[in-house]
Protein chains: 2
Amino acid sequence: MTPPPETPLSYAQAGVQYDLIDPLKIAAQRAAAATGAHLAGHGYAEVAASRGESAYVVDLGPYYLASIVECLGSKALVADAMQQLTGESHYAAIAQDTIAMAVNDLITVGATPLVVQAYWAAGGSEWFADAARARALVEGWKAACDACGVAWGGGETPALAGIVEAGRIDLAASCTGLVNPKARLSLGERLGPGDAIVLLGASGIHANGLSLARKVAERLPQGYLTEIEPGLGYGQALLAPTPLYAPVTEALWAAGVAVHYAANITGHGWRKLLRHPKALTYRIHTLPPVPPVLRFIAEQARHDAAEAYGTLNMGAGFALFVPAADAERAAAVAQSQGVPAWVAGRVDAGPKQLLIEPLGLRFEGEALQLR
Amino acid sequence: MTPPPETPLSYAQAGVQYDLIDPLKIAAQRAAAATGAHLAGHGYAEVAASRGESAYVVDLGPYYLASIVECLGSKALVADAMQQLTGESHYAAIAQDTIAMAVNDLITVGATPLVVQAYWAAGGSEWFADAARARALVEGWKAACDACGVAWGGGETPALAGIVEAGRIDLAASCTGLVNPKARLSLGERLGPGDAIVLLGASGIHANGLSLARKVAERLPQGYLTEIEPGLGYGQALLAPTPLYAPVTEALWAAGVAVHYAANITGHGWRKLLRHPKALTYRIHTLPPVPPVLRFIAEQARHDAAEAYGTLNMGAGFALFVPAADAERAAAVAQSQGVPAWVAGRVDAGPKQLLIEPLGLRFEGEALQLR
């Protein structure tokens, strides 16, 4: 067992300074909101409630259109480091992570993902010369599309020497889908007291918190090769691909379970449960097991439970808010798709807050500022 | 006048080695094509003829869905260099370029662009700390959305230290639109002998060929500050924003002009006129004026006409293939939208080739390999 160091590591220390990015984000959100009216000129309409949600929704008349672009983030750096250490390419897993970032966001609004576009910006043409790595990326991308029943429409593979660092790749995906029938829209209008919270299991860190995870690796004498459990290395555990939750949301619709709201648990960890603007209290009574890699990071970074659950997914990759009567069935449907699931809590009337009762934790409504 | 150096500069020397990227592209295209059948499971269908075109098209029943992701490329490096030299931010123009890359591709299939998503991946949080530059990016992005009548749905602003170089930004845009009514689809089924070729004017280099343009700057004693015309500096001329052609295609539809096919003239210059797989001869009789910045680059790189027209847009930013009877009207409609346009050629029966008659140039069908 690797003893944790004495110095804690915060997420901000790990390199992402939201205070520098947030003014731009707010200006961009305001400017973007002012463009929604253009749709009327074409005979369509923005669904204003989707502003601030994970995907943007347009009312086309017979159904809704949803679209998104999402970035993998810095997880590719872990794959690169592991390839240096072991010679093995992890880019098939990295491809799935990238698609999961886009698809798992798109489905929160009730959309069926239809088309994915690939954005693979390399630091130079020579990135593509590693044939095994390039093949892994292509094969992993296709396999993830197959798993989600989505068409891979095309994409961009620019060589961006001078912008992307030599030997690196900036991976992103756009995804477009439809909410059809319109009753599937899950922007939270029906979210309210009495709803159950069903959590879907995470495979590990997914693609958020990697800056922190990389800082942890830097402080370990054996780095990514540190064993976190017998036979399980740290780097290997970090590279477990993000689950694709689209088959679950499709199966829920087919089973007649009405999803009132959904949250993809990414950056800001469980604070994402506070995503919807309504004043509601989210009370968690059951915790999913914490993946060993997340327990290890929290220990090594000396995070207390509040910092760990406020930063990482801690075993819950996705949250569904469903009528209480459907909660057990929703969990069973997820399990039938191979995704662990727990009826983990309920929505109560009350101030906007998240109560994680088994840990005695409380996050206030202001703990998440997304709009 | 700056005398041209004796050594020529090819596009490959400028840093983009297609032979390294192409095997991955081909593997990706094959894998992507195999995913199109997934759409049937959701009740929709791929429009197979859109594979290899600039946007991917899905038949939704009442209309077609089109989507795309596009990258700015390395033009931001010119804006960064100019900001160093003059203190002025050109990111409003750069924003328009990025949206133009996506929108001008999307409209080739006959789609009305509806939603743009922003992908702004910076080399670190501190990129966003330059408030004037960040504001220019936001304002330019919104203005371009306004000009195209498109809704800015949202996007991603990751800080990617270790992947994107410090102080740099990787800019891309996704765009989603509809072909409605379905008769607007312009994938080339109706393209044939007798059609006229209408060329829309370019403002300068747009966002392709910038690697070459930057190499040219490196060889100039005064670099980007070199005057290419009295009062017009090289860097300033390079940063003229790409025109947004969506208002033209919308106005053409409103005017009853049926576009049989369209090509966005980007990488590979005029070889893009050979984009459609049909065996047809494209005969150009009228050349648009060459923007001074492109004439300067061709001279400085010692390109002959074949290399210049096979690499750069040389004044033609977009090509419309329309019925001969509508050609003059199509050009007039474009002019009414503030875009210069010329009835520049015609489509003949014959082998696949492009003949640029005023220059005695011929490009064979194999000069462009996109599928």
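These numbers were taken from a predicted model, which means no experiment stands behind them.
Under the 4.5 Å side-chain criterion, counting only non-hydrogen atoms from C-beta, B/Tyr44 is not in contact with A/Thr112. No side-chain heavy atom of A/Val116 sits less than 4.5 Å from a side-chain heavy atom of B/Thr35.
Looking at A/Thr157, the atoms closer than 4.5 Å to chain B (heavy atoms on both sides) sit in the backbone and in the side chain alike. When heavy atoms are compared at a cutoff of 4.5 Å, B/Val164 approaches chain A by way of both its backbone and its side chain. Looking at A/Arg30, there are no atoms closer than 4.5 Å to chain B (heavy atoms on both sides), in backbone or side chain. Heavy atoms closer than 4.5 Å to chain A are found in the backbone of B/Ile169, but not in its side chain. For chain A, no part of B/Ala122 is nearby; none of its heavy atoms comes within less than 4.5 Å. Of the atoms belonging to B/Val69, heavy atoms from both backbone and side chain fall under 4.5 Å from chain A. Heavy atoms closer than 4.5 Å to chain B are found in the side chain of A/Leu160, but not in its backbone. Neither the backbone nor the side chain of A/Leu72 comes within contact range of chain B; no heavy atoms are under 4.5 Å apart. Looking at B/Ala134, both its backbone and its side chain come within 4.5 Å of chain A, counting heavy atoms on both sides. Heavy atoms of A/Asp80 lying under 4.5 Å from chain B are absent altogether. There is no contact between A/Trp141 and chain B, counting heavy-atom distances below 4.5 Å. Both the backbone and the side chain of A/Glu70 come within contact range of chain B, judged by heavy atoms closer than 4.5 Å.
Between A/Val150 and B/His38, the shortest heavy-atom contact is O-CD2, 3.2 Å. Closest non-hydrogen pair, B/Ala32 versus A/Trp152, comes out as CB-O, 3.4 Å. Nearest approach of B/Ala27 to A/Val138, heavy atoms of both residues: O-CG1, 3.8 Å. Closest non-hydrogen pair, A/Ala34 versus B/Lys142, comes out as CB-CE, 3.5 Å. The two atoms that bring B/Ile163 and A/Gly73 nearest to each other are CD1-O, 3.5 Å, heavy atoms only.
A distance of 9.0 Å separates CG in A/Asp170 from SG in B/Cys71, rounded to the nearest 0.5 Å. Separating the CG atom in A/Leu60 from the CG atom in B/Leu60 is a distance of 8.0 Å, to the nearest 0.5 Å. How far CG of A/Leu24 is from CH2 of B/Trp120: 5.5 Å, rounded to the nearest 0.5 Å. Rounding to the nearest 0.5 Å places CD1 of A/Ile68 at 11.0 Å from OG1 of B/Thr176. Rounded to the nearest 0.5 Å, atoms CG (B/Asp22) and OG (A/Ser125) are 10.0 Å apart.
Among B/Val57, B/Leu65, B/Leu77, the residue making the largest number of heavy-atom pairs under 4.5 Å with chain A is B/Leu77. Interface remark: of the candidates A/Gln117, A/Arg168, A/Glu165, A/Glu165 forms the most heavy-atom pairs closer than 4.5 Å to chain B. Between chain A and the residues B/Ala118, B/Gly153, B/Pro23, the most heavy-atom pairs under 4.5 angstrom are made by B/Gly153. Ranked by heavy-atom pairs under 4.5 Å with chain A, the list B/Leu137, B/Val115, B/Leu114 is led by B/Leu114. Chain B forms more heavy-atom pairs under 4.5 Å with one residue of A/Ser174, A/Gly149, A/Ala131 than with any other, namely A/Gly149.
B/Tyr91 meets the ring pair (Phe, Tyr, Trp, His ring centres under 6.0 Å) test with B/Trp127; sequence neighbours excluded. With sequence neighbours excluded, no residue satisfies side-chain hydrogen bond (donor to acceptor under 3.5 Å, both in side chains) with B/Glu156.
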